Amino acid sequence: MKFSCNNLNALLLLGLGGLIELSDIRILCGADPTDGFTYVPLTEANYIIQKPYDIPVEQRYSCVNGTHKFWVYADDKAHDPGSLTQPRTELRVIGLDYSSGVWQFEGHAFVPNGTSGHTIVQIHGAAHGNTTILLRIFEGNMRYYSSDIVATNLYDKWFRLNLIHNVDKGKLMVFIDGELKFQIRDQGPGDLYFKCGVYAAPRNISYYMESRWRHIKLYKM
């Protein structure tokens, strides 16, 4: 099917209807990942910081001049006394859970060299399992869970990450610095929400783990 990039919004709607693949449109048109989406305002009321339950939040999280810094140690406690999960310090977006439609998370992230084995962004909830996607850093490379490579050489530099979830089509796309790097099927619909920060993987983690975030935004279509 031939098409023009002059009206990207119309093409996006066609793509979401199944006539044209959304990824093909973006690649062929060189579009920004947020084109065709509507910005969803976030306030502090939409943020909850989850951290090891036995210490104050300021010992694992800070926000200075718009930069959110999250850190955790391998021997930290879980976020809840009854939880058997790995330690985490994460920003959980509240009040904007979703179960249908097309949603997008955007943020600029920084991961310092030497910190490894931690999820820096995730979509929680799925029909099968607890999460739709985890993006983890191992030795400076980003992986889908602990398997497929998404992007490489991400240590010690700010990079823009866009994560798009088309629930109705069951499709996930990951963009780094505006370039499509990875796409995969999701794990089924559920009560879905975005999180970012630091969440230790089950194995092969550094003792200290950290990520920093700024310009955190949500969009929907």
Side-chain angles (χ1 to χ4, degrees), residues 47-64 67-93 105-126 128-163 165 172 174-177 181-184 186-187 190 192-214 216:
Y47 295 162
I48 284 181
I49 303 299
Q50 297 179 338
K51 48 75 180 179
Y53 72 82
D54 61 336
I55 56 175
V57 65
E58 60 268 18
Q59 292 187 17
R60 293 294 183 271
Y61 166 80
S62 68
C63 185
V64 179
T67 297
H68 303 265
K69 179 181 175 181
F70 307 83
W71 66 99
V72 76
Y73 294 89
D75 55 4
D76 277 341
K77 299 289 196 298
H79 68 292
D80 183 272
S83 175
L84 298 177
T85 59
Q86 294 288 92
R88 73 183 74 200
T89 304
E90 291 184 297
L91 185 156
R92 192 272 210 223
V93 177
F105 172 94
E106 177 183 75
H108 290 74
F110 181 98
V111 181
N113 196 342
T115 69
S116 185
H118 49 305
T119 296
I120 64 168
V121 66
Q122 67 168 290
I123 299 175
H124 192 277
H128 309 288
N130 294 321
T131 58
T132 289
I133 186 171
L134 299 178
L135 294 177
R136 290 174 173 155
I137 300 295
F138 287 98
E139 303 298 333
N141 301 322
M142 179 181 288
R143 290 182 177 271
Y144 170 73
Y145 292 86
S146 299
S147 57
D148 297 3
I149 289 280
V150 175
T152 60
N153 300 316
L154 296 178
Y155 274 152
D156 290 339
K157 62 184 179 184
W158 286 98
F159 57 91
R160 179 189 176 203
L161 186 149
N162 294 77
L163 173 57
H165 186 194
L172 294 159
V174 181
F175 293 77
I176 303 293
D177 292 328
K181 291 290 189 179
F182 185 75
Q183 55 184 326
I184 199 166
D186 69 10
Q187 321 229 21
L192 306 160
Y193 53 86
F194 295 100
K195 303 176 77 176
C196 66
V198 173
Y199 176 32
R203 59 187 66 87
N204 299 326
I205 63 178
S206 56
Y207 178 65
Y208 175 77
M209 292 159 276
E210 178 189 322
S211 78
R212 305 169 201 169
W213 288 86
R214 59 191 184 194
I216 298 169

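As the structure is a computational prediction, the values presented were derived from the model and not from experiment.
For Thr89 (side chain) and Phe70 (main-chain N/O), no donor-acceptor pair under 3.5 Å exists by modelled atom type. Formation of a donor-acceptor pair under 3.5 Å by the Tyr199 side chain with backbone atoms of Arg136 is not found in this model. For Trp71 (side chain) and Gln59 (main-chain N/O), a donor-acceptor pair under 3.5 Å exists by modelled atom type. For Thr132 (side chain) and Gln187 (main-chain N/O), no donor-acceptor pair under 3.5 Å exists by modelled atom type. Ser206 places no side-chain N or O within donor-acceptor distance of the main-chain N or O of Thr115, the cut-off being under 3.5 Å. Of the possible donor and acceptor atoms, none in the side chain of Tyr53 sits under 3.5 Å from a partner among the backbone N and O of Pro81.
Residue Lys69 places its NZ atom among more than 12 non-hydrogen atoms of other residues, nucleotides or ligands, all under 6.0 Å distant. Within a 6.0 Å radius of CG in Asp177, other residues, nucleotides and ligands contribute more than 12 heavy atoms.
Here the CD-CG distance, from Glu139 to Asn113, works out to 8.5 Å after rounding to the nearest 0.5 Å. Note: Thr152 OG1 to Arg143 CZ = 10.5 Å, rounded to the nearest 0.5 Å. For the atom pair Ser116 OG and Met209 CE, the distance stands at 9.0 Å (nearest 0.5 Å). In this structure, Phe138 CZ and Asn204 CG are separated by 6.5 Å, a value rounded to the nearest 0.5 Å. Taken to the nearest 0.5 Å, the CZ atom of Phe182 stands 11.0 Å off from the CG atom of Leu163. If you take NE2 on His118 and OH on Tyr208, they are separated by 9.0 Å, rounding to the nearest 0.5 Å.
Looking only at side-chain heavy atoms (C-beta outward), Val111 and Leu154 stay at 4.5 Å or farther from each other. Using a 4.5 Å heavy-atom cutoff, the side chains of Val150 and Asp148 are not in contact. Residues Asp156 and Phe110 form a side-chain contact, since some pair of their non-hydrogen atoms from C-beta on lies under 4.5 Å apart.
Relative orientation of the His68 and Tyr47 rings is perpendicular, given thresholds of 30° and 60° on the angle between their planes.
In this structure, the ring of Phe105 has its center less than 6.0 angstrom from the ring center of Trp213.
Minimum heavy-atom separation, Val72 to Pro87: CG2-CB, 3.6 Å. Annotation for Ile205 and Ala200: closest pair CD1-CB, 4.1 Å, computed over non-hydrogen atoms. Smallest separation of non-hydrogen atoms from Arg60 and Pro52: CG-CD, 4.0 Å. In plain terms, the two heavy atoms of Trp158 and His108 that are nearest each other are CZ3-O, 3.2 Å. Looking at every heavy atom in both residues, Gly197 comes nearest to Ser211 through O-OG, 2.7 Å. Asn141 and Asn153 get closest at one heavy-atom pair: OD1-N, 3.1 Å.
Considering Glu90, Arg88, Arg92 as possible partners of Gln122, the one that fulfils the side-chain hydrogen bond (donor to acceptor under 3.5 Å, both in side chains) test is Glu90.
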TODO: Apply the test side-chain contact (heavy atoms from CB on, under 4.5 Å) to residues Ile133 and Tyr144: give CA-CA distance (whole Å), side-chain angles for both, the deciding distance (0.1 Å), then the verdict.
DONE: CA-CA 7 Å; Ile133 186 171; Tyr144 170 73; 3.7 Å; yes
Open item on the list: Quick one, Met142 with Phe159, criterion side-chain contact (heavy atoms from CB on, under 4.5 Å). Give me CA distance, side-chain angles, the key distance, then yes/no.
Closed with: CA-CA 12 Å; Met142 179 181 288; Phe159 57 91; 4.0 Å; yes
Open item on the list: If you apply the rule side-chain contact (heavy atoms from CB on, under 4.5 Å), what do you find for Leu135 with Leu161, and how did you get there?
Closed with: CA-CA 11 Å; Leu135 294 177; Leu161 186 149; 4.1 Å; yes
Open item on the list: The test is side-chain contact (heavy atoms from CB on, under 4.5 Å); show your working for Asp186 and Ile123 and say whether it passes.
Closed with: CA-CA 10 Å; Asp186 69 10; Ile123 299 175; over 6 Å; no
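A donor-acceptor contact under 3.5 angstrom links the side chains of Asn162 and Arg160, judged on distance only. Side-chain atoms of Tyr145 and Thr131 form a donor-acceptor pair, as typed in the model, at a separation below 3.5 Å.
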